[in-house]
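Just below is one structure, and these are the notes that go with it.
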There are 2 protein chains.
Amino acid sequence: MRLNSKSRYAVMALADMASFIDNKPVSLRDISLRQSISLQYLEQIFLRLKKNNIVKSIRGVKGGYVLTKDASTLKLSEIFSALDENVKTTGCDNNSKKGCNGRSTKCITHNLWDELDVHINAFFENKKLEDLIKN
Amino acid sequence: MRLNSKSRYAVMALADMASFIDNKPVSLRDISLRQSISLQYLEQIFLRLKKNNIVKSIRGVKGGYVLTKDASTLKLSEIFSALDENVKTTGCDNNSKKGCNGRSTKCITHNLWDELDVHINAFFENKKLEDLIKN
DNA sequence: ATATACCCGACTAAAATAGTCAAGTTTACG
DNA sequence: CGTAAACTTGACTATTTTAGTCGGGTATAT
């Protein structure tokens, strides 16, 4: 059970941004250097973050990105959902016509996976970006 | 963030076994039919379960597998670790000489991923196989 | 004997992952 | 005004992982 690197890098990059109090735009180039993440990969990630209103961009020289919310209110769950990192640990699907494992009925473990998803989501719901930089 | 099908099938198959009270051996063929899981894939899975002492095998006609423990004491975490489904959500590694993201220091989000792993593991530690079949 | 059922290594198609590449557009600043 | 810094975007790709299959075993109850 692994988290993908896009999500991980997103959290790293946003935590990096949040650790500067002044709200001057932060360039991806700087984040790239400080966090050892490929610039072009960051571009992909920030495109998604921007589309989901987690950051806004300022173009041109001295431009960069700024957080749209305060780090104390930005939930990690928002970041993950921006990157389509949906916590859906199995293919068991309530909504499809077919049930679990291609059958018409719920599989024996169906409720378990639902509970697991809820459990993990709760973790991300309760964590704020600020929690990462307080230490 | 997805769970792999080996782990999911393992839990399904063991829950299937546990739902029969008599401790007669259950053949993989029967599990395969009841749970719609490929017989040969089940063989792979049960090899691991056997090596990790979660089931024992009885060969020959009327053979099959039986649980080595009671369903009320078998933790899901044991099943997952048998399948090398280690809950290690990121590559951030405490033990390697290199730190996170190939650097010498802990990355800014390192503690977060540790907490996440602990959070998920706790879920599997507290769930017993019996919990799945009680409903 | 023989059918049933476990045993086990090797292989593979398809999907996901983790990026790179290339070609832009916008804007601050000298 | 020119230019460099920085964002924008779509397409592409090598590698790895996943989710199995294939095929040839071995053990044993009847």
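Atom set for the values below is all heavy atoms of this structure, side chains included, hydrogens, waters and symmetry mates excluded. Note that the structure is predicted; figures quoted are calculated from it, not measured.
B:Leu3 places its CG atom 9 Å from the P atom of D:dA19, with the value rounded to the nearest Å. One interatomic measurement links the two molecules: CG of B:Asn4 to P of C:dA14, which rounds to 21 Å at whole-angstrom precision. In this structure, CG of B:Leu47 is placed 18 Å from P of D:dG20, rounded to the nearest angstrom. The separation between A:Asp30 atom CG and D:dC7 atom C1' is 14 Å, rounded to whole Å. Taking atom CG on A:Leu28 and atom P on D:dT9, their separation rounds to 13 Å, with Å as the unit. Residue B:Leu39 contributes atom CG, which lies 9 Å from atom C1' of C:dA5 at whole-angstrom precision. Regarding B:Ile45, its CD1 atom lies at a distance of 14 Å from the P atom of C:dC7, rounded to whole Å. Here the P atom of nucleotide D:dC7 and the CG atom of A:Leu42 are 10 Å apart, to the nearest Å.
Aromatic ring pairs are classed by plane angle as parallel below 30°, tilted from 30° to 60° and perpendicular above 60°; the pair A:Tyr9 and A:Tyr41 is perpendicular.
Remark on DNA chain C: of its neighbouring residues A:Arg2 and A:Lys62, the 5'-side contact belongs to A:Arg2, judged by nearest-heavy-atom nucleotide. Place A:Gln40 and A:Gly60 on DNA chain D by their nearest nucleotides, and A:Gly60 ends up nearer the 5' end. Map B:Tyr65 and A:Gln44 each onto its nearest nucleotide of DNA chain C; the residue landing nearer the 5' end is B:Tyr65. Taking the nucleotide of DNA chain D with the nearest heavy atom to each of A:Val61 and A:Lys50, the more 5' of the two is matched to A:Val61.
Set against D:dG20, C:dT20, C:dT26, the side chain of A:Ser38 has C:dT20 as its closest nucleotide. Distances were taken from every side-chain heavy atom of A:Arg59 (C-beta onward) to each of C:dC7, C:dG19, C:dT25; the shortest belongs to C:dT25. Of the candidates C:dT20, D:dG20, D:dG23, D:dG23 carries the atom nearest the B:Glu43 side chain, counting heavy atoms from C-beta on.
The closest donor-acceptor contact from the side chain of B:Ser32 to the backbone of B:Ile37 lies under 3.5 Å. Under a 3.5 Å cut-off, the side chain of A:Ser27 and the backbone N or O of A:Asp30 do form a donor-acceptor pair. Of the possible polar contacts, one joining the A:Asp70 side chain to the A:Ser72 backbone as a donor-acceptor pair under 3.5 Å is found.
Among the heavy atoms of the strands lying under 4.0 Å from A:Val26 are primed sugar atoms or P, OP1, OP2 only; no base atom is included.
By the 4.5 Å heavy-atom criterion applied to side chains, A:Phe123 and B:Glu115 are counted as neighbours.
Not one side-chain nitrogen or oxygen of A:Tyr9 sits closer than 4.0 Å to the OP1 or OP2 atom of C:dA18. Look at B:Ser57 and you'll find a side-chain N or O under 4.0 angstrom from OP1 or OP2 of C:dC7. Listed pair B:Ser5 / D:dT18 fails the phosphate criterion, with no side-chain N or O lying under 4.0 Å from OP1 or OP2.
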